Every structure is written in C-alpha cells, then in structure tokens.
Amino acid sequence: RTDNLGAFEKAATPISLLLTQSPEFEDRVFELLCLSWMVSALRSYCSNVVVNPVALRGPKKGPIATGWFGEKQFSLFYQQSAGLLPVPTWIDRHTHQPLRALPDVVLKISDGATDRFVILDAKNRTLASESDVAYKLMGYKENLGIKTFQAVGMYPSFSNSLRLRRLEKDAEQILLVHVPLSNGRQTIRRIARQFLGV
C-alpha cells in the first residue's frame with residue numbers, strides 16, 4: 001500500500017539503518033525498502049499490477065508483484081531462485097548439490113518467447129564495497145549461465161547524493177547505485193525505466 005511505503009520510508013533514516021549491530025538485519029531492512037521502491041516504480045509504468053505480500057515469507061513462494069508492460073509480462077520476486085532462475089552449474093564436490101543462488105530481488109520480464117532477468121542485490125552493510133557486490137553479481141552470471149546479464153547493486157546514500165557506477169561488457173551491464181534515502185523512490189523509478197525500456 002502507498003501509505004505503508006511512505007511510513008516505511010520515513011522510518012528508514014540514516015540513524016535507524018546504522019543503529020543495529022547485526023549486518024544481516026541491516027541488509028534486510030534495506031532489502032525491503034528497495035523492494036517497496038521497485039513495486040512503486042512498476043506501478044507507475046505498468047498496467048494490471050497485482051501485489052501479493054503473502055509471498056514475502058512462508059511456504060507460498062511466488063512473485064511479490066505481477067503486471068504488464070505493453071505486450072510484456074513482468075514478475076517481481078524476493079529471495080527466490082528455485083523454479084525461477086536457471087539451475088546453477090557449479091557443483092559442491094562433497095554433496096553433489098549445485099551451489100545455491102539466492103538473489104535479494106529478481107525482476108523477470110517475459111515477451112512470450114523469451115525470459116529476461118534483472119538481478120538486484122541490496123547492501124546496507126557499512127563494510128560492503130562496490131567491488132564485493134560487483135563480483136558477487138558476476139558470480140551469479142557465471143553460476144547461472146544467464147545471457148544478456150543485467151544486474152543492480154544498491155546501497156543507501158547517507159549523504160543524500162546519488163552516485164552511480166556502470167560496468168559494461170558487450171550488451172551486459174551491472175549498475176552500482178548509492179540511493180539517496182530522501183529520494184529513493186524517484187531514483188529507483190529511473191533505474192526501472194532503463195530495464196523496462198521506457
């Protein structure tokens with residue numbers, strides 16, 4: 001809900017995001033904030049948007065939001081890979097199980113013939129560097145064998161200034177974005193436009 005997003009944004013101040021001593025909790029709060037910004041962005045560009053908050057937790061995993069952008073259908077997932085992303089190719093020699101891939105947020109865009117994935121990784125940890133996240137995202141590409149790879153690493157900007165770094169290889173790209181907390185919704189809208197082709 002729009003009013004819930006507004007309340008969450010007001011609660012996500014630099015003090016509240018830096019106060020905790022738990023890196024996992026730091027990340028989780030910022031992940032959920034980025035997810036809500038993505039839902040808001042998709043609502044502004046897409047039609048027939050349906051939000052399903054039940055998919056956030058519990059056994060009923062599925063898309064958090066679905067809708068249409070012209071002739072393309074989108075689905076937005078939170079911490080899900082099974083049945084969504086390609087099977088990982090790297091195998092644990094001891095267990096013979098694939099190396100698990102669990103991105104924070106995945107945007108799936110389908111045109112009926114092909115599926116395209118945009119992976120988003122949100123990092124609020126004060127020690128996380130751009131290189132750490134960039135190489136993690138490159139690891140997803142390698143392990144999942146995703147072609148035309150597009151990914152975004154997001155960090156909160158406590159100075160309220162936008163900083164964007166773009167890594168490219170042929171038609172593939174990784175964006176590293178320091179999102180101003182006071183202007184996060186508009187920043188993520190601009191990023192979503194690029195992936196939707198608006």
Side-chain angles (χ1 to χ4, degrees), residues 1-2 4-5 8 24-25 27-90 97-124 133 136-155 172-177 179 184-185 187-189 191-198:
R1 290 172 45 183
T2 305
N4 288 352
L5 173 55
F8 194 24
E24 292 78 15
F25 183 73
D27 279 352
R28 185 58 52 90
V29 170
F30 188 57
E31 286 168 11
L32 292 172
L33 185 56
C34 290
L35 179 66
S36 65
W37 285 332
M38 277 297 299
V39 171
S40 177
L42 292 170
R43 275 186 165 148
S44 64
Y45 296 124
C46 303
S47 60
N48 300 321
V49 177
V50 176
V51 179
N52 178 28
V54 175
L56 273 171
R57 63 181 191 176
K60 295 185 178 180
K61 281 291 188 181
I64 300 297
T66 57
W68 292 86
F69 178 70
E71 299 297 316
K72 298 177 183 178
Q73 184 177 26
F74 81 82
S75 304
L76 188 69
F77 297 84
Y78 178 67
Q79 292 192 338
Q80 183 175 340
S81 61
L84 169 64
L85 295 171
V87 176
T89 57
W90 283 79
Q97 296 297 315
L99 178 63
R100 191 170 173 226
L102 193 63
D104 295 333
V105 178
V106 175
L107 175 64
K108 177 182 176 183
I109 304 170
S110 305
D111 64 6
T114 59
D115 295 333
R116 185 163 56 90
F117 299 98
V118 181
I119 292 178
L120 298 96
D121 189 65
K123 277 287 174 283
N124 180 35
V133 174
K136 178 181 179 181
L137 293 170
M138 291 175 194
Y140 280 141
K141 172 185 168 40
E142 164 67 21
N143 191 28
L144 298 171
I146 297 176
K147 296 180 179 177
T148 316
F149 185 69
Q150 294 182 306
V152 183
M154 293 186 283
Y155 317 78
E172 302 177 327
Q173 67 174 327
I174 295 174
L175 297 180
L176 302 172
V177 186
V179 183
R185 204 183 308 200
T187 301
I188 300 305
R189 279 188 68 186
I191 292 170
R193 284 184 61 165
Q194 178 175 334
F195 295 120
L196 290 170
V198 178

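Because the structure is predicted, anything quoted here is derived from the model rather than measured.
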Undergrad: Could you measure the distance from the OG atom of S75 to the CG atom of L84? Nearest 0.5 Å is fine.
TA: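 If we round to the nearest 0.5 Å, S75:OG and L84:CG are 8.5 Å apart.
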
Undergrad: With E172, which residues qualify under salt bridge (Lys or Arg N to Asp or Glu O under 4.0 Å), at least two apart?
TA: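 Salt bridge (Lys or Arg N to Asp or Glu O under 4.0 Å) list for E172, sorted by chain: K141.
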
Undergrad: Is the closest side-chain donor-acceptor distance between R189 and S44 under 3.5 Å?
TA: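 Indeed, the side chains of R189 and S44 share at least one donor-acceptor pair under 3.5 Å.
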
Undergrad: Side-chain contact test, heavy atoms from C-beta onward, threshold under 4.5 Å: evaluate it for F69 versus C46 and give yes or no.
TA: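 Touching, per the 4.5 Å side-chain cut-off.
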
Undergrad: Contact between F149 and I119 at the side-chain level, heavy atoms closer than 4.5 Å - yes or no?
TA: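 They are in contact (side-chain heavy atoms under 4.5 Å apart), so the answer is yes.
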
Undergrad: Heavy-atom distance under 4.5 Å between the side chains of L144 and V87, does that happen here?
TA: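 A side-chain contact under 4.5 Å is absent here.
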
Undergrad: Mind checking whether T89 and L99 have side chains closer than 4.5 Å, heavy atoms only?
TA: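 Not in contact.
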
Undergrad: If we ignore hydrogens and angles and just use 3.5 Å, is the side chain of N143 paired with the main-chain N or O of W90 as donor and acceptor?
TA: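 Yes, the answer is positive, given that a donor and an acceptor are paired below the 3.5 Å cut-off.
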
Undergrad: Atom CD1 in I64, atom OH in Y78: separation rounded to 0.5 Å?
TA: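 Here the interatomic distance stands at 9.0 Å.
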
Undergrad: Report the distance from atom OG1 of T148 to atom CD of Q173, rounding to the nearest 0.5 Å.
TA: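 Atom-to-atom, T148:OG1 and Q173:CD are 11.0 Å apart.
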
Undergrad: Output every pair passing side-chain hydrogen bond (donor to acceptor under 3.5 Å, both in side chains) with a member in residues 101-110, not counting sequence neighbours, ordered by first then second residue.
TA: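 Pairs touching residues 101-110 that pass the test: S110-D115.
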
Undergrad: For the CD atom of Q73 and the CH2 atom of W68, what is their distance to the nearest 0.5 Å?
TA: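 Here the rounded value is 4.5 Å.
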
Undergrad: Looking at N124, V133, D121, which hits side chain to side chain contact (heavy atoms under 4.5 Å, CB included) with Y155?
TA: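 One option only clears the test, and that one is V133.
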
Undergrad: If I compare all heavy atoms of F77 with all of P63, which pair ends up nearest, and what's the gap?
TA: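 Minimum heavy-atom separation between F77 and P63: CE2-N, 3.4 Å.
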
Undergrad: Could you report the tightest heavy-atom contact between R116 and F195, atom names first, then the distance?
TA: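 Heavy-atom minimum between the residues: NH2-O, 2.8 Å.
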
Undergrad: Would you mind reporting whether L76 and L42 have side-chain heavy atoms less than 4.5 Å apart?
TA: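 Side chain of L42 against side chain of L76, heavy atoms only: contact under 4.5 Å found.
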
Undergrad: Of all residues at least two apart in sequence or in a different chain, which pass the side-chain hydrogen bond (donor to acceptor under 3.5 Å, both in side chains) check with T114?
TA: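 Listed in chain order: D111.
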
Undergrad: Ignoring hydrogens, what is the shortest heavy-atom contact between F30 and M154? Give both atom names and the distance.
TA: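 Smallest interatomic distance, heavy atoms only, reads CE2-O, 3.4 Å.
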
Undergrad: What heavy-atom pair brings V49 and R43 nearest, and what distance separates the two atoms?
TA: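 For V49 and R43, the tightest heavy-atom pair comes out as CG1-CG, 3.8 Å.
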
Undergrad: What closest approach, in Å, do A65 and F74 show between heavy atoms, and which atom pair accounts for it?
TA: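 Closest heavy-atom pair between A65 and F74: O-CE1, 3.8 Å.
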
Undergrad: Any side-chain heavy-atom pair from V152 and I174 closer than 4.5 angstrom?
TA: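 Not in contact.
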
Undergrad: Quick check: do M38 and I191 have side-chain heavy atoms less than 4.5 Å from each other?
TA: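 No, every pair of side-chain atoms sits at 4.5 Å or beyond.
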
Undergrad: Between the side chains of Q79 and E31, does any donor sit under 3.5 Å from an acceptor?
TA: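 Looking only at side-chain atoms, E31 and Q79 do form a donor-acceptor pair, the distance falling under 3.5 Å.
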
Undergrad: Quick one: closest heavy-atom pair of A55 and G62, and the distance?
TA: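 Taking every non-hydrogen atom into account, CB-O, 3.4 Å.
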
Undergrad: So, do K123 and K136 sit near enough that their side-chain heavy atoms are less than 4.5 Å apart?
TA: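 Contact flag for K123/K136 side chains = yes.
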
Undergrad: In Å, rounded to the nearest 0.5 Å, how long is the span from OG1 of T66 to CG of N52?
TA: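 T66 atom OG1 to N52 atom CG measures 8.0 Å (nearest 0.5 Å).
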
Undergrad: Roughly how far apart are Q150 CD and L137 CG, rounded to 0.5 Å?
TA: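 If I round to the nearest 0.5 Å, the distance is 12.5 Å.
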
